[in-house]
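Quick note on labels: first sequence line is chain A, next is B, and so on, each numbered from 1.
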Amino acid sequence: MNAANVDAMYQEIILDHYKNPHGAGLREPFEAEVHHVNPTCGDEITLRVHLDGGRVADVSYAAEGCSISQASASVMNELLVGKSVEEGLQTLTVFQELMQGRGQVEPDEDVLEDGIAFAGVAQFPARVKCALLAWMAWKDAVAQASAEEDS
Amino acid sequence: MNAANVDAMYQEIILDHYKNPHGAGLREPFEAEVHHVNPTCGDEITLRVHLDGGRVADVSYAAEGCSISQASASVMNELLVGKSVEEGLQTLTVFQELMQGRGQVEPDEDVLEDGIAFAGVAQFPARVKCALLAWMAWKDAVAQASAEEDS
Amino acid sequence: MAGHDVEAVRKDFPILTRTLAGDRPLVYLDSANTSQKPRQVVEAMERHYLEHNANVARAMHQLGAEASAAFEAGRDKVAQFIGAPRRDEVVFTKNASEALNLVARVLGDDGRVSAGDEVVVTTMEHHSNLVPWQLLTQRTGADLRWFDVTDEGRLDLDSHTLTERTKVVAVTWVSNMLGTINPVEEIVRRAHEVGALVVVDASQAVPQFPVDVAALGADFVAFTGHKMVGPTGIGVLWGRYDLLAELPPFLGGGEMIETVSMDSTTFAAPPHRFEAGTPPIAQSVGLGAAVDYLSRIGMDQVAAHEQRITAYALDVLRELPGVSIVGPKEPVDRGGAISFTVDGVHPHDVAQLLDSQGVAVRAGHHCAKPLHARFGVQSTTRASFYLYTTEAEIDALGAAIRHTQSYFGAR
Amino acid sequence: MAGHDVEAVRKDFPILTRTLAGDRPLVYLDSANTSQKPRQVVEAMERHYLEHNANVARAMHQLGAEASAAFEAGRDKVAQFIGAPRRDEVVFTKNASEALNLVARVLGDDGRVSAGDEVVVTTMEHHSNLVPWQLLTQRTGADLRWFDVTDEGRLDLDSHTLTERTKVVAVTWVSNMLGTINPVEEIVRRAHEVGALVVVDASQAVPQFPVDVAALGADFVAFTGHKMVGPTGIGVLWGRYDLLAELPPFLGGGEMIETVSMDSTTFAAPPHRFEAGTPPIAQSVGLGAAVDYLSRIGMDQVAAHEQRITAYALDVLRELPGVSIVGPKEPVDRGGAISFTVDGVHPHDVAQLLDSQGVAVRAGHHCAKPLHARFGVQSTTRASFYLYTTEAEIDALGAAIRHTQSYFGAR
Ligand SMILES: Cc1ncc(COP(=O)(O)O)c(C=O)c1O
Ligand SMILES: Cc1ncc(COP(=O)(O)O)c(C=O)c1O
C-alpha cells in the first residue's frame, strides 16, 4: 500500500475510463432498474438493463462515486453489452475472483480486457467494494429482468 | 480481609444476635410496612413500624439473610424501640457513618451499644449493604408512617 | 491425544499465582461468573491498541484496514469456533444479555410475537434469558409460560405442552446454578414441530464443550466473551442468516444503515444491521485470541477436564456432612457449576469464610431467583471450575468448608 | 499554567511512531473517528485483567471486591470529569449509539413520546442521533422534525419552532462533519420553555473541552469512550437522576433487577437498572485511566491546543487552490474536524492518495448523509485533530493534498 501500489491501483486505463465513462447515462428501453449503495462510503449507482432474447442489449447507468467505482461501471458496460447474459455472468465471476484475490490472482486479459487494470485494486480491501458496486447492481438487475422475461 | 479480619466481622455479639434475634416476627399494630431487598445477594426484609406520638413504639420484622443482616435487624430493634423518631434517625446516621467509614471511624458505644460490633463489617464493602438493609427499611417505613400521621 | 496439562495452562494465567490477605494463595472457583484471562488474550488487545488501533469499516487508510481486518478476523474465528455456516451470522453485542434482549426486541417489533401468542422459557433461566421475555410479553400482550424442573434439577419437558400458539422457546443450554445440561436438541425438535423459534442461551455451554450451531439446529444462540477466557464488553448472537435478514434493526446509528435521509432510512445486511455504532473492536481481537487459545488446547480436552474436576468435586462435597448439593449429584449431563448449602450457615457467611481461606466462590441467587424459589432456598453458595482448576483446589474448598462449619459451630 | 507539550504527550502514544508502507511515518488525522490510546490507558486494563479480574457486584470474594471497586471507580471518575451532581447518574453503555438508543427506547416504552407528539433533531446529526429517533417516531406515530443548517454550517434556530407538542429535542453539541459547536444552552432554554426533554450527543464535545453537565442543564448527555483516549466497548449516558429513576428499563437481565419471579420483576435503581448483564468492567477501568490522563493534562489545555491546531489547519486549507471547506471557515465556535472537497478528485481518491503519503484521514459521508445532502455533496474528506496533533502534521496534510492534485491532474 505504498506509493508504488497506489500507482498499481490508479492505472492509466482506470483514470481514462473515469474521465470518459463508456455508456454512462440512463436510457430506454429497459426491463429492470436497480439502485445500489456502498453503505461504507456512500457510493451509489442507478442501473438499467435491457435484454433482448438472452443478450444484453444495453446497460445504462448513473453513478456517483470515486474513480474506481466509476471506471468499473464504464469497463463493465464495454464488456457486457452485446454479450449473452450467460457470458456476462461468467465474466462477472472472473472479475469477482480477481477482485477478491487480494492481489494473488493473475488477471485473464482475454476475458476481462480493460478490466485487468483493476488487478491493483484487489490489494486494497477497502476499495474492492467500489470496483464491484456496478457489477453487483448489474447482477441484481439481470436477475430481475430475467424473472420478468420468464413470467 | 484475612482470617483476623473475618474474626473482626463475626464478633461474638453479632453471632449471638444472629442466633437469638431480638424482636423478630411481624406484629400489630403498625402504621407502615415495607419490603426491602438487597438485589446483589437476595437478602430480604419485611418491616413494620408502629409509632406512638413521635416515639417508636415497635419495630417488627421478618428477615431472610446472612448473619450480618439478621444480627443488624436485631440490634436495630433493641436500639430504636422506645426512642423518639428523631433520636432513632440520629442513631441511624451514626450507624451509617460507621458502616461507610471503611474501618476508619471509631464507633460510639454510647449511641450504638451492641451496634459497635459492626465496626469490623465496615472493612468489607460487599457486606456493608447487609448491615444496612434493616436500617434502610426502617427509615423508609418511618417516613411513610410519619406522612400518614401528619395527613 | 495428550492429556490436558493443567499446570502448563496455569502458567498462562498470572492472576492464579496471586496471594490474598493473610498470604493465602488464591483458589479461584468462580469461573461460571467470569473466567480468568490468559496472557495471550490480554497481550493481543494490548498490541492492537498500541499498534493497530483505528475505527473499522469507515476508514480507508492503512491503520483502518489493519483494524478492520483484525476486527473481522475475530468474527471469522468465532464463526468457525461454533460451526456457523456463514460468518455474517455472527453478530457482536456487548454481552450475552444484550444478545438475548436483541432477539426479544426485534421479534416483538417485527410482530412475530403479539397478543395471544405464547413465549416459553424454563424456571432454570438466568435472569438475562427471563426478564427480556417478561418485558416482551408485557409489551405485546403475549403470554409467558415455562417448563418446570424436577427435584433432581432436570428439565421436566412434560410440565408444559408447546402448541401452535408458541412462537418462541427460550432455554438455557447449561444452568449456571444447577449445572444441568439440558436436552436442547429435543427441545428444538418439539419447538420446530409447532413452528416456534428456538433461542438458546449458551453462555455456560460455549466456554465448556465443543459447540456446533449448525448441528444444534436452533434459530438463535447467545453467549458471552468474558466467560470463555475472553474480555468483558463483548457478547455474541448467532442467528440463522435467512432469519436475521428478515428482522428489523435493534439499535439505530452508524454502520447499521444502507442509506439515510431525514425522512427514511434503509438498513444494512446482517450482521451490520444489528451492530449500531462503533463495535467492540479490541474486544473482538481479544475474543479471537481467546478462541485461538481454547482451540489450541482443544475443546474436547477442556470438556473432559471439566468432567473430571466436576466429578471429583461432587465426590468431595457429597462426603461432607451438613452439605447439600442443589442440582444433579451425579456427573452426568452436568456442567462444572455446583451450588450447595451448608446446614446452619447462611450462604453469604459460607462465602465470606471461604474467602478468608483464599477460596473465591459466589454466594447469592446467581441471577436465578425463580430457580432458587423452586428449591425453597433464598440463596446458595456456588463453586465453579474451568480449564485451569486443579484437584488440589477442590481439596482446599473441602477443607475451607469444614473450617467454616467449625467456625460457626464452635462459637 | 505551562503550555501544552505536544511532544511529551506523543511519547505516551506508541502508535504515533509507526511507519507505514513505503517507510512513511504515520500522520494520524482521524481522531474524530476514533482517538489513539496512551500507554497508561492500555496498561491499566492489562493490569486489571492480569491481577484483579473478577465479575462485579455479585462477587463477595477479595478479587470481586477489587474488581468492583475498580469498576465503580471508573464511574466516579467519569462523574467528576463531566460535573455530574451524582455518581449514579452515570450509566455505562457499549458506545454513544447505545446510549442514545436507550433514551429513545425508554421514552417510547414509557409513553412520554406517543402519537401526535413531536421529536426534534437537526440535519447535522450523526446517524446515531438520528436513526434512533426515526425508529422511535415510526414505532409511536410521533412526528420527526428538525432544525436546518445555514450555508456556513451553523444551526438555524429559526428554521423550526418548538411547541407544546415537542417532547424531545435531540441535538449534537459538536458536528462530527462540519466541526460546528452548537449553542446547546440556548436550545436547552427553548426546549425547557415548552416542557421538552433535551438529549445532547456530546460524542465530539467531551473529548475536546471541559464539560459540566450540571451547568449545561440538559436532561441527557451521551458520549463514547474510544474518542477520548479510552477503550472501545464503553459509552456513557448521563441522565438527571430524578428522570432516570422514573424511566422503565431498557434491557432486562442480570444486575438490573431488584427481585424476580416467573411472573413479575421489579427493577434496581439507576444506574444499574440500565446496565443489564456483565458491564464493561475492564473498559470502565480503561475509561477511568483515560479521564485521569486527560485531567492530568487539563481539559483547558486540550481545548486550547485543539483551537490552535484547527486555526492553523483552516489557514493551510484555505490557501490551497481547488480545496473547499464544508463548514465554518473561521476558528470560532468550531471543533477540530474539517471536512473538505478537492476539485476534480473524488473524496475516496483523495483519501487514498493521502494514505499513500502516510496521512490517515476519513472519506465518505461520516455517518451524516442528510448533512452531506444539505450541502449537495455525496461525500467529503475529513481531517480531524487531537491533543497529539502537531503543526508539522498539518503541513504534511497540505503537501499531500497538493501531491494528490498533481497526481490526478498530471495523468
Ligand atoms: C457526533 C457523534 N455522535 C455519535 C457517534 C457514535 O459514537 P459510537 O460509534 O461510539 O457509538 C459519533 C462517532 O462515531 C459521533 O461523532
Ligand atoms: C446462563 C447465563 N446466561 C446469561 C448470562 C449473562 O451473561 P452476561 O452477564 O455476559 O450478559 C450468564 C452469566 O452471567 C449466564 O450464566
If you measure from NE2 on C:H346 to CD1 on B:I68, what distance do you get to the nearest 0.5 Å?
11.0 Å
Looking at B:R27, I want to see if its CZ is surrounded by more than 12 non-hydrogen atoms of other residues, nucleotides or ligands under 6.0 Å.
yes
NE2-OG distance between C:H348 and B:S69, expressed to the nearest 0.5 angstrom
8.0 Å
If you take all heavy atoms of C:F408 and B:L15, which pair is closest and at what distance?
CE2-CD2, 3.5 Å
Drop me the distance from C:D349's CG to B:C66's SG, to the nearest 0.5 angstrom.
5.0 Å
Contact part of B:D43 toward chain C, heavy-atom cut-off under 4.5 Å: side chain, backbone, both or neither?
both
Heavy-atom cut-off 4.5 Å, strictly under: side chain, backbone, both or neither for B:Q70 against chain C?
neither
Begin from the C-alpha positions of B:M9 and C:L353 and carry the test side-chain contact (heavy atoms from CB on, under 4.5 Å) through to its verdict.
CA-CA 10 Å; B:M9 168 150 65; C:L353 260 290; over 6 Å; no
Is the backbone of B:E64 close enough, under 3.5 Å, to the side chain of C:Q378 for a donor and an acceptor to pair up by distance?
yes
Closest non-hydrogen contact found for B:V6 with C:S356 is CG2-CB, 3.1 Å
